[in-house]
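Everything below concerns the one structure shown next.
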Amino acid sequence: MNLYYLSKAAALGLFLICINSTIQAQIYSEQTISGTNTGQNTIVVKSVDIDNDGDQDLILGNEFQQNSLLYNLGNGDFVTGNNGFINELNDTEDIGLGDFDMDGDIDIIFINQGGFGHEYYENDGNGNFTVAGFLPATNGGGIAVGDINNDGFLDVIIGNIAEVNFCMINNGDGSFTNETTSRLPGTVKSTDYVILEDVDGDGDLDLFFANRDGNQLLINDGTGVFADQSMQRLPQGVDMDTRKACFGDVNNDGKPDLFLANVQFTANEDPQNRLYINESNGFFTDLTTILLPQVPNQTTNAAFHDIDEDGSLDLFITNVLADPLQALLNDGTGKFTVRTDDIISPPLMTGEAWGLTVADFNNDDFSDIYVASRTGFDAYLEGDPEGMIAVSTSDVLDNSEFLVFPNPILEKVYLQHPLDFKPTEIQVYSALGHHIDDPEIYPIEGEISQLLLNQTLTPGLYFLKIHNKESAVVLKLKVE
């Protein structure tokens with residue numbers, strides 16, 4: 001270490017704010033959730049601002065336990081409640097959310113399996129609920145909410161197990177009329193998940209049923225009447241048990257692609273997850289072998305999310321039996337690689353992972369994750385932008401031999417580094433992980449380089465990512 005420059009740094013008022021020990025590349029790490037019961041045999045979890053206080057709350061749909069709410073205190077701590085829910089131990093499989101009665105707040109529908117009535121609750125605006133009624137009792141599997149007939153009101157599609165699926169049209173006041181026979185084909189399938197999505201780009205919502213016995217894609221004629229065009233539009237020839245699915249534009253061509261989360265709960269089903277690319281106007285091609293890892297997971301849920309903020313949709317998936325939560329990064333073309341060890345810090349939850357939601361729960365403008373467990377305790381993972389900065393380089397060095405000085409910075413900024421580390425590129429990130437500058441590097445002598453910033457940084461905390469040809473290091477930088 002060059003003592004001359006170290007003394008010079010001290011004279012300039014060195015205030016080192018380096019990351020302790022080795023950089024941990026993980027973005028998401030599990031946190032304790034205070035004031036909640038997270039062992040409720042939860043099948044489904046949804047996040048939404050239920051009490052209109054500006055933060056994301058959680059709604060838990062439970063298996064043979066009372067459904068519940070986690071009210072966010074604004075910082076990612078929660079208080080458990082179930083204000084107004086009936087005290088029935090139903091087998092809840094899905095949750096529908098929307099302002100059904102057009103009064104400015106979010107109402108809730110719980111879809112129950114086993115022939116129980118589906119619970120429908122109206123919100124008073126503060127997160128307190130009253131029973132609005134019960135939708136027809138079916139062997140429910142999933143629900144989708146959307147305006148299918150373009151009349152300005154939210155309608156409901158209910159997916160059922162071994163029964164016809166239902167179409168419930170909103171009358172405009174939050175009450176519903178069953179118009180199944182005039183709007184849906186009468187096919188009997190076992191539907192576990194329902195999605196409304198404009199797959200053909202014509203401005204109305206089409207319908208995807210994720211089934212245990214053959215998925216279906218139904219096209220809307222613009223008035224809310226659907227025709228089954230699965231054979232023409234979906235790839236055929238693979239027997240699948242699809243429990244969840246999600247649409248997202250994975251190759252940035254402006255069209256929604258489709259990820260299928262598959263399980264093998266019976267011997268004849270292929271457990272490989274699948275990725276269908278929307279080639280044009282809602283006609284899909286199966287590019288699984290090219291774009292997805294060939295791993296026979298038992299995947300129960302999935303969510304697209306731009307984990308590394310590079311403009312491409314990455315993927316979280318939950319599994320049973322092994323690997324309860326995995327992260328897959330998109331290279332920008334739609335090709336995914338498993339990067340769980342880089343992105344998620346162990347340990348994780350116990351039990352089977354079924355529910356999944358991604359939202360900013362602690363109001364730091366960075367995403368967090370909630371994973372619901374059917375047989376154990378749920379997991380809450382907070383996102384850390386510092387980890388996001390490190391994760392894009394797999395070989396991240398111990399930073400104990402690096403100094404940036406003066407820190408807080410003055411007009412001139414210097415970097416001290418090992419003799420065998422030659423900086424080739426430097427990036428400045430905001431405290432929220434946004435790339436904002438690429439300083440120029442001017443070597444002074446073996447261990448010292450001067451950095452010339454191109455941007456004037458406002459007061460606050462920043463991250464400095466320093467690359468050479470093989471690796472990188474991340475330091476914190478303060479501006480006063």
Side-chain angles (χ1 to χ4, degrees), residues 91-96 98 100 109-120 133-151 153-171 175-200 202 204-245 247 258 260 262 265-266 268-269 276 281-284:
D91 183 4
T92 297
E93 296 293 322
D94 205 359
I95 301 169
F100 300 115
I109 297 173
F110 290 107
I111 297 298
N112 299 318
Q113 203 166 103
F116 302 106
H118 305 306
E119 305 162 45
Y120 173 26
F134 293 84
L135 300 186
T138 66
N139 192 21
I143 183 173
V145 174
D147 180 10
I148 68 168
N149 56 357
N150 292 310
D151 65 351
F153 305 111
L154 292 177
D155 310 304
V156 167
I157 305 291
I158 301 174
N160 296 313
I161 306 298
E163 298 178 8
V164 295
N165 296 329
F166 275 36
C167 178
M168 309 297 297
I169 296 298
N170 194 331
N171 298 316
S175 65
F176 295 91
T177 299
N178 187 344
E179 298 188 9
T180 298
T181 56
S182 62
R183 296 184 181 273
L184 295 182
T187 310
V188 175
K189 292 275 190 177
S190 288
T191 300
D192 274 291
Y193 201 60
V194 187
I195 309 175
L196 286 165
E197 179 78 25
D198 183 8
V199 300
D200 55 4
D202 65 351
D204 54 43
L205 292 174
D206 306 303
L207 185 55
F208 179 79
F209 291 130
N211 297 328
R212 302 179 186 183
D213 47 3
N215 298 317
Q216 295 170 280
L217 180 61
L218 283 67
I219 300 301
N220 192 338
D221 70 355
T223 69
V225 176
F226 294 87
D228 189 344
Q229 297 187 14
S230 307
M231 294 298 294
Q232 303 97 304
R233 293 174 179 268
L234 293 181
Q236 303 295 316
V238 179
D239 290 333
M240 291 176 286
D241 181 348
T242 302
R243 295 303 170 109
K244 288 291 189 297
F247 281 100
L258 178 61
L260 304 179
N262 294 326
F265 293 167
T266 59
N268 296 327
E269 311 296 343
Y276 292 171
N281 301 324
F283 289 86
F284 292 84

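Nothing here was measured: the structure is a model prediction, and the numbers come from that model.
- Only one option out of N165, N211, T191 pairs with Q216 in a side chain to side chain donor-acceptor pair (under 3.5 Å); it is N211.
- The two residues A162 and S190 have their closest heavy-atom pair at N-OG, 3.2 Å.
- Closest non-hydrogen pair, L207 versus V194, comes out as CD1-CG1, 3.5 Å.
- How far CD of Q113 is from CG of N139: 5.0 Å, rounded to the nearest 0.5 Å.
- With hydrogens and angles ignored, the 3.5 Å screen pairs a side-chain donor or acceptor of Q236 with a backbone N or O of L234.
- Once rounded to the nearest 0.5 Å, the distance linking CG of N268 with OG1 of T266 reads 6.0 Å.
- Judged by distance alone, with hydrogens and angles left aside, the side-chain atoms of H118 form no donor-acceptor pair with the main-chain N or O of F134 at under 3.5 Å.
- How far CG of D198 is from CG of D206: 5.5 Å, rounded to the nearest 0.5 Å.
- Summarising the geometry of P185 relative to F226, their closest heavy-atom pair is CD-O, 3.8 Å, with the distance given to 0.1 Å.
- Taking every heavy atom of both residues into account, T92 and E119 meet most closely at OG1-OE2, 4.5 Å.
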Test side-chain hydrogen bond (donor to acceptor under 3.5 Å, both in side chains) on T223 and N149; report intermediate values, then the result. CA-CA 5 Å; T223 69; N149 56 357; over 6 Å; no
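- In this structure, CZ in R183 is found 4.0 Å from CD1 in I169, a value given to the nearest 0.5 Å.
- With sequence neighbours left out, D91 forms a side chain to side chain donor-acceptor pair (under 3.5 Å) with no residue at all.
- Here the straight-line distance linking atom CD1 of I148 with atom CG of L218 works out to 11.0 Å at 0.5 Å rounding.
- With hydrogens and angles disregarded, no donor-acceptor distance shorter than 3.5 Å links the side chain of D94 to the backbone of G142.
- The CD1 atom of I111 sits 8.0 Å away from atom CG of N160, with the distance rounded to the nearest 0.5 Å.
- Of all the heavy atoms in L217 and D228, the pair that sits closest is O-OD1, 3.6 Å.
- Relative ring orientation between F100 and F176 is described as perpendicular, the plane-to-plane angle rising above 60° on a 0-90° scale split at 30° and 60°.
- Put simply, the residue from D151, D155, T177 that forms a side chain to side chain donor-acceptor pair (under 3.5 Å) with N171 is T177.
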Apply the test side-chain contact (heavy atoms from CB on, under 4.5 Å) to residues D192 and T242: give CA-CA distance (whole Å), side-chain angles for both, the deciding distance (0.1 Å), then the verdict. CA-CA 8 Å; D192 274 291; T242 302; over 6 Å; no
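- The aromatic rings of F247 and F208 sit perpendicular, their planes meeting at an angle over 60°, well past the 30° parallel limit.
- Contact check for I161 versus R212: side-chain heavy atoms found under the 4.5 Å cut-off.
- Here the side chains of L258 and L260 are in contact, with some heavy-atom distance below 4.5 Å.
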Before you tell me yes or no, could you show the steps for V199 and I219 under side-chain contact (heavy atoms from CB on, under 4.5 Å), namely the whole-Å CA-CA distance, both residues' side-chain angles and the distance that decides it to 0.1 Å? CA-CA 8 Å; V199 300; I219 300 301; 3.9 Å; yes
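- At a threshold of 4.5 Å between non-hydrogen side-chain atoms, the residues E269 and N262 do not count as touching.
- When all heavy atoms are compared, the tightest approach of T180 to C167 is OG1-N, 2.9 Å.
- Listed by chain and residue number, nothing satisfies the side chain to side chain donor-acceptor pair (under 3.5 Å) test with N220 (two or more places apart in sequence, or in another chain).
- Every residue was checked against the side chain to side chain donor-acceptor pair (under 3.5 Å) condition with D213, not counting sequence neighbours, and none meets it.
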